[in-house]
Amino acid sequence: MSMPKLSIIVPTLNEERYIAGLLRSINAQRSESIDIEVIVIDGGSMDRTIEIARNLGARVIVYRGLGEFASRNLGAEEAAGDILVFTCADVIFPTSLLRDVAESFRRDPALIALSGPGIPYDAPLTGHLLYGFYNTFRLLLGKLPRPLKRFSTSTNFLAVRRSAFFDAGAFDPDDVNADGLMGAKLSRMGKVKFSPKTYVYISTRRLRSMGLANFFLHYLYVL
């Protein structure tokens, strides 16, 4: 089978600090063997987010006031790829990630969704420990036998076949854990995989803004 086309979907709102890092990490992986498109759904940024994204080759759709998960759904509707790759503006893709994603779906036609750990690139020691615990627990959940097995997903990085995403009903725009609920639906639909090999680098801005206690409680709810 040929390599599937990847559509990378990024919701943004005033992300000029981060968006260039993500898009450059994507552009560095473009090659003749991997077909990639990047769709940025912007909620009405007042900074240079839109300008930066367009200059770095992304297709930008501006929809003022649209929420995060509604933006992801709109990006999925606009996507031309066989595989939807959901991510965030403050993420950095490792150099082989997109090839690994495309190869995973090419080699295994039964695979409908793939996710992996988020590794913080700017965390203090407590942040590294917290994310380490979270990622380890997610990996262990994915190795349990059914019906205990769980597919722990995050829109820092979630790759899913376009057909499966819409069969699952897309993201619930009104639930803070819409990505986790999507993982649960996909797990019931077919073969899913949480792989430590398909990881991404993430910022710790959520940890900084929420505080350690609230961050822990939020991700406890997600799990």
query = With a 4.5 Å heavy-atom cut-off, do Ser71 and Tyr63 have their side chains touching?
reply = no
query = Hey, are Arg162 and Glu78 close enough for a salt bridge, meaning a charged N less than 4.0 Å from a carboxylate O?
reply = no
ask   = Which one of Thr49, Asn14, Thr12 satisfies the side chain to side chain donor-acceptor pair (under 3.5 Å) criterion with Asp42?
value = Thr12
note = For Asp82, the side-chain contact (heavy atoms from CB on, under 4.5 Å) test, sequence neighbours excluded, returns Pro4, Lys5
message = Just to verify, what does Ile119 make a side-chain contact (heavy atoms from CB on, under 4.5 Å) with, not counting sequence neighbours?
response = Tyr199, Tyr201
key: Any side-chain heavy-atom pair of Ile8 and Ile36 under 4.5 Å   = yes
ask   = For Phe93, does its backbone N or O pair with a side-chain atom of Ser25 as donor and acceptor, under 3.5 Å?
value = yes
Side-chain (Ser45) to main-chain (Asp47) donor-acceptor, under 3.5 angstrom = no
ask   = Between Thr153 and Asp179, is a side-chain hydrogen bond (donor to acceptor under 3.5 Å, both in side chains) present by the stated rule, with each step listed?
value = CA-CA 6 Å; Thr153 56; Asp179 45 356; 5.6 Å; no
task = Report the residues that fulfil side-chain contact (heavy atoms from CB on, under 4.5 Å) with Thr198, sequence neighbours left out, ordered by chain and then residue number.
result = Leu97, Asp100, Leu114, Phe157, Ser195
query = Is a donor on one side and an acceptor on the other found under 3.5 Å between the side chain of Asn55 and the backbone of Glu51?
reply = yes
key: Remaining members of hydrophobic cluster (4.5 Å side-chain criterion), Leu125   = Leu129
remark   = With sequence neighbours left out, the residues meeting ring pair (Phe, Tyr, Trp, His ring centres under 6.0 Å) with Phe86 are Phe165, Phe171
ask   = In chain order, what residues pass the side-chain contact (heavy atoms from CB on, under 4.5 Å) check against Ala168, with sequence neighbours excluded?
value = Met182, Lys185, Leu186, Met189
